[in-house]
Amino acid sequence: MIIHLEDNITQNEKDVLLNKLKELQIKTNLVSTQFMDYIIGMPKTDFDIRTIGNLRGIADIHRVSDAYKLVSKKWKVNDTLIDLGDDVTIGGSELAIMAGPCSIEGEEQIENTVQHLLKNNIKIMRGGVYKPRSSPYAFRGMGMDGLKLFYKHCSENGIKVITEVMQVSQVEEMVDYVDIFQVGARNSQNFNLLDILGKVDKPIMIKRGMSGTIEELLASAEYVFSNGNEKILLCERGIRTYESAYRNTLDLNAIPILKEKSHLPVIVDPSHGIGLRQHVATMALAGVMCGADGVIVEVHENPEKAFSDGQQTLYYRQAEKLYQKLKTTEELMKEF
Ligand code: PEP
Ligand code: MN
């Protein structure tokens with residue numbers, strides 16, 4: 001049960017309400033986000049909602065039977081719009097495109113990518129400075145020095161930055177240099193990290209865990225929301241299956257299912273989703289046809305020389321073709 005509190009509820013009204021819920025043996029959690037205050041009630045047994053419905057300070061009450069509550073579409077039927085400022089939004093009628101290298105490699109590469117994005121009117125650049133790598137000997141990212149350069153060049157050019165945060169201790173130093181925090185697949189259930197990201201006022205894109213279920217992804221989003229941050233994006237990036245012909249299995253099914261279950265925007269990552277450059281564009285278009293609100297894709301001036309994930313990274317000319325096709329697909333989807 002979600003009790004949505006009125007903006008001007010007094011402390012006394014709140015106490016009366018909490019006492020009544022206690023009397024009814026309903027376990028409660030108070031949630032205050034950047035937008036609203038809620039009480040999440042967990043009734044042990046079915047109860048008549050009218051017993052509390054007439055108390056003061058309540059704007060709305062919704063029964064939500066799902067394990068996740070605040071991210072459920074059962075109480076919020078309108079899709080969430082993420083506003084990044086400067087007219088850049090995600091989740092509205094316009095398809096969001098985020099493009100850039102797997103890893104930030106240096107100033108020249110950042111400038112080069114920014115030019116590519118400007119040329120194609122793309123407003124969000126991706127790039128990792130803290131890289132989760134299977135081998136400790138692989139390139140693990142430029143860290144804060146890279147992030148500062150990344151943010152400087154992007155903000156000077158009106159481009160928003162999305163980058164991965166790997167651990168709790170990085171959040172504070174990174175927060176002023178990111179527009180969207182990315183939680184990677186390997187950290188999808190790092191609940192301490194999700195708790196902290198619930199306390200910042202920046203959008204959080206949570207990737208699905210490599211063997212994570214849809215319900216687990218939604219529960220991870222619930223961690224962020226219930227800690228106070230409503231600005232969340234969900235990302236399908238492929239799951240690990242028995243198939244070895246490609247890196248991961250992009251679970252296209254997840255897109256309409258997530259859209260049905262949650263009001264949060266859904267982003268598709270075809271780069272990690274299939275892991276093969278020659279098929280990334282196809283899977284990106286498929287993701288949009290399935291209802292994704294945005295695409296995150298790896299591009300590089302010279303993918304063969306990329307420090308990470310070169311095999312799934314598009315050349316600029318391939319990416320440009322894809323952006324055109326995404327536009328056409330976006331138009332087509334408006335007919336549905
Ligand atoms: C990435 O975006 O480069 C990345 C490491 O993604 P994932 O967490 O999905 O593997
Ligand atoms: Mn990558």
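Below, all heavy atoms of this structure are taken into account, side chains as well, without hydrogens, waters or symmetry copies. Just so you know, these numbers come straight off a predicted model, no measurement behind them. Numbering starts at 1 and runs along the sequence shown. For ligands, and for the atoms within them, numbers begin at 1 and follow the listed sequence.
The closest side-chain heavy-atom distance from Ile232 to Phe225 is below 4.5 Å.
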Please give the N or O to N or O pairs under 3.5 Å between ligand 1 and the protein, distances rounded to 0.1 Å.
residue	atom	partner	partner atom	Å
ligand 1	2 (O)	Arg126	NH1	2.8
ligand 1	2 (O)	Arg126	NH2	3.3
ligand 1	2 (O)	Gln182	NE2	3.0
ligand 1	2 (O)	Lys207	NZ	3.1
ligand 1	3 (O)	Arg126	NH2	2.9
ligand 1	3 (O)	Lys131	NZ	2.9
ligand 1	3 (O)	His272	NE2	3.1
ligand 1	3 (O)	Glu298	OE2	3.4
ligand 1	6 (O)	Lys207	NZ	3.0
ligand 1	8 (O)	Ala185	N	2.8
ligand 1	9 (O)	Lys207	NZ	2.9
ligand 1	9 (O)	Arg237	NE	2.7
ligand 1	9 (O)	Arg237	NH2	3.4
ligand 1	10 (O)	Arg186	NH1	2.9
ligand 1	10 (O)	Arg237	NH2	2.8

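To the nearest 0.5 Å, atom CG of residue Leu193 and atom OG of residue Ser169 are 9.5 Å apart. Remark: His153 NE2 to Glu108 CD distance equals 10.5 Å, nearest 0.5 Å.
Atom CD of Glu330 is surrounded by more than 12 heavy atoms from other residues, nucleotides or ligands within 6.0 Å.
A side-chain hydrogen bond (donor to acceptor under 3.5 Å, both in side chains) with Thr80 is found for one member of Lys73, Glu230, Lys231, His263 and no other, namely His263.
The ring pair (Phe, Tyr, Trp, His ring centres under 6.0 Å) contacts involving residues 184-213 comprise Phe191-Tyr223, where partners must be two or more places apart or lie in separate chains. Residue pairs meeting the side-chain hydrogen bond (donor to acceptor under 3.5 Å, both in side chains) criterion with at least one member in residues 288-301, sequence neighbours excluded: Glu105-His300, Asn112-Glu301, Arg126-Glu298, Lys259-Asp293, His272-Glu298, Glu298-Gln312.
Around the Mn ion (ligand 2), protein N, O or S atoms at less than 2.8 Å number 4.
Clustering ILVMFWY residues whenever any of their side-chain heavy atoms sit less than 4.5 angstrom apart, transitively, puts Val171 in a cluster other than the one holding Ile180. The hydrophobic clustering, which links ILVMFWY residues whose side-chain heavy atoms are closer than 4.5 Å, places Tyr177 and Val183 together.
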